[in-house]
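Only this structure's heavy atoms are used, side chains among them; waters, hydrogens and symmetry mates stay out. Labels below follow one simple rule: chain letters A, B, ... track the order of the sequence lines, proteins then strands, and each chain is numbered from 1.
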Amino acid sequence: MSKEHIKVLLAKKKIDVHGRGTKLIARELRDAGMEVVYFRFGVVEEIAEAALQEDVDVVGVSIMTSGQIQIARELIPALKARGLHEVLVIMGGIIPEVDYEPLQTLGVHRCFPPGLPGGAVAEYIKRNVGTVSLA
Amino acid sequence: MTSTAVHTTELVVGGSVRHASRLITEIENGSPAAREVLARLLPHCGSAQRVGITGPPGAGKSSLTASLIKEIRAQGRTVGVIAVDPSSPFSQGALLGDRDRMLEAASGDADVFIRSLAARGAAGGLAVAVNDVVDVMDAMGKDVVIVETVGVGQGELEIAKIAHTVVLVLVPGYGDALQAMKAGVTEIADVVAVNKGDLPEAAGAVEDLRSQDYVRRDPTADRTWVVPVLKVSALRREGIRELAGLVDDHYRFTGDSAWRSEIERNRRHAQFLSSVTERLRAELAAIPPDAFDDGRFSDPHLAADEFVTDIVRARAHLRAGGLATN
């Protein structure tokens with residue numbers, strides 16, 4: 001499904017100073033025509049609250065210093081509790097491959113490893129936005 | 001459709017962020033359903049104090065807004081924030097970074113509603129939707145609605161038609177550019193805040209600006225508002241309480257004469273003009289070119305002139321009862 005204005009919330013941990021990847025993705029999505037809200041979170045509830053207030057189509061979480069399982073465990077219910085059932089949830093960064101399956105079981109739609117060719121994330125979002133629901 | 005509009009209206013007035021947030025998206029997309037809800041929200045509007053924050057890129061508008069949010073919350077008032085960032089004219093994409101700078105002020109506080117908007121090509125330093133989004137937050141019951149413009153140069157003055165009080169945020173060392181700005185944005189400032197007041201050049205900048213003797217004339221009475229120039233530091237949270245106090249002083253000042261109702265009327269007029277423009281543009285674009293001037297447009301200006309004259313005449317005719325019903 002394609003949408004005229006896709007809005008993405010791109011979140012990374014506030015204490016995580018490794019911001020290069022997130023900024024690169026932010027630019028990639030902006031250049032693909034998306035409206036990207038970039039912000040750093042302290043606790044997971046802040047991601048869900050921002051997604052609610054900004055009415056985003058996509059929530060992307062950048063992971064550099066682990067914690068992905070716990071974040072997903074809190075994030076998906078927090079989104080659902082706010083009625084955000086159709087948000088596409090993606091993660092990227094330093095995530096061991098063994099975590100991909102448990103993350104998807106928790107409700108994360110897709111995990112992206114580092115080193116992808118430019119445009120891969122934007123392409124995925126364009127193809128999948130508006131087609132998902134949080135189980 | 002109408003029953004949905006009634007329902008949505010009730011939920012928004014009741015303070016549902018989910019429904020307000022979705023409505024804002026629909027307003028941004030120019031949906032007809034959103035217009036119906038907006039019409040129903042209007043009776044619930046009019047109690048919010050509207051504050052505009054404008055200034056050049058990098059002056060610290062978002063950081064200062066964050067400090068103001070904290071101050072206003074400390075007074076027990078609720079806050080809505082509309083933060084506008086530019087859209088790319090090439091990709092239509094946008095990077096909305098204001099929220100990040102306001103996070104500390106807002107996190108975990110349900111009475112702060114921050115919404116980032118992409119300008120989507122609108123001129124004037126705002127997005128087309130802003131005026132309507134102000135109404136949504138007003139109807140939700142926010143006591144104060146802050147509108148932060150994109151980083152401005154000289155000509156982005158739309159905020160003056162929306163806010164009760166415009167705060168112009170400048171930084172020390174802006175002296176040279178200030179010259180160029182003299183005929184522009186300083187003319188709409190009701191309060192000037194020199195941010196980054198911890199820098200050594202700040203005192204000089206404040207003095208420079210004060211010596212300009214900026215005043216705003218009350219169009220409805222023989223009196224003037226002397227624009228205060230204040231040194232602040234969003235970083236160190238200095239001068240924020242004073243700034244909030246000056247914003248409130250100005251709000252009260254305009255309320256002491258017919259100035260306030262003039263401001264309200266000007267805002268609704270701007271909203272009317274922008275609504276007419278947007279809707280006509282959409283309606284006209286949907287009509288095939290041959291419907292106008294045989295589609296040849298040998299003189300496009302003349303064709304436009306005839307078209308507009310037709311519309312105005314037809315309307316006058318209708319108003320005079322010529323075509324009575326529909």
Side-chain angles (χ1 to χ4, degrees), chain A residues 2-15 19 22-58 60 62 78-87 119 121-122 125-126 130, chain B residues 11 16-31 34 62 66 79-121 127 129 133 136-137 140 142:
Chain A
S2 85
K3 226 168 152 267
E4 201 187 342
H5 294 282
I6 298 172
K7 195 167 180 180
V8 184
L9 182 72
L10 213 51
K12 68 181 270 286
K13 277 191 263 182
K14 205 188 291 179
I15 51 159
T22 321
K23 283 177 183 141
L24 204 68
I25 294 294
R27 254 174 56 183
E28 172 183 323
L29 300 184
R30 183 201 69 185
D31 291 343
M34 299 177 198
E35 297 178 345
V36 183
V37 181
Y38 174 89
F39 95 126
R40 295 163 293 173
F41 67 94
V43 296
V44 172
E45 284 286 313
E46 290 171 358
I47 306 178
E49 197 58 31
L52 173 75
Q53 296 189 356
E54 300 287 354
D55 192 27
V56 293
D57 307 295
V58 185
S62 163
L79 290 171
K80 286 201 269 193
R82 288 167 175 80
L84 303 170
H85 296 282
E86 277 116 49
V87 173
V121 178
I125 289 176
K126 281 185 177 168
Chain B
L11 288 163
S16 163
V17 175
R18 175 79 185 123
H19 289 84
S21 182
R22 281 210 153 160
L23 175 63
I24 292 170
T25 304
E26 291 199 6
I27 292 169
E28 284 190 278
N29 293 334
S31 114
S62 300
V79 189
V81 179
I82 304 162
V84 189
D85 265 328
S87 297
S88 160
F90 305 106
S91 71
Q92 322 306 327
L95 191 59
L96 311 172
D98 296 331
R99 185 179 198 96
D100 186 58
R101 299 192 168 85
M102 296 176 198
L103 189 69
E104 210 186 322
S107 70
D109 186 346
D111 286 317
V112 181
F113 181 5
I114 301 175
R115 181 60 179 252
S116 318
L117 298 181
R120 296 191 181 174
V133 178
V136 174
M137 290 189 174
M140 283 176 87
K142 296 299 174 199

Within this structure, what is the [atom1]-[atom2] distance for the pair [X] and [Y], rounded to the nearest 0.5 Å?
| X | Y | atom1 | atom2 | value |
| --- | --- | --- | --- | --- |
| B:S116 | A:K7 | OG | NZ | 5.5 Å |
| A:L10 | B:D100 | CG | CG | 11.0 Å |
| B:S91 | A:E35 | OG | CD | 10.0 Å |
| A:L84 | B:R22 | CG | CZ | 8.0 Å |

From CA spacing to verdict: side-chain contact (heavy atoms from CB on, under 4.5 Å), A:H5, B:E28: CA-CA 10 Å; A:H5 294 282; B:E28 284 190 278; over 6 Å; no

Less than 4.5 Å apart, side chain to side chain, heavy atoms only: is that true for B:R18 and A:D55?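 Of all side-chain heavy-atom pairs linking A:D55 with B:R18, at least one is under 4.5 Å.
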
Does B:Q92 reach the side chain of A:E4, with side-chain heavy atoms less than 4.5 Å apart?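 Of all side-chain heavy-atom pairs linking A:E4 with B:Q92, none is under 4.5 Å.
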
Of the backbone (N, CA, C, O) and the side chain (C-beta and beyond), which part of B:R101 lies under 4.5 Å from a heavy atom of chain A, both, or neither?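 The answer is neither part of B:R101.
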
Residue by residue, which of residues 22-29 of chain A have a heavy atom closer than 4.5 Å to a heavy atom belonging to chain B?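 Expected list: A:A26.
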
Can you tell me which portion of [X] sits under 4.5 Å from chain B's heavy atoms? Options are side chain, backbone, both or neither.
| X | value |
| --- | --- |
| A:R40 | both |
| A:E45 | neither |
| A:A50 | both |

Nearest atoms (heavy-atom pairs only) where A:E54 meets B:I114: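 Looking at all heavy atoms of both residues, the closest pair is OE2-O, 3.7 Å.
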
Out of B:A20, B:A94, B:S87, which one racks up the most heavy-atom pairs below 4.5 Å with chain A?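 Top option by heavy-atom pairs under 4.5 Å: B:A94.
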
Below 4.5 Å, heavy-atom pairs only: which of A:Q53, A:R82, A:R30 has the largest tally toward chain B?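 The answer is A:Q53.
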
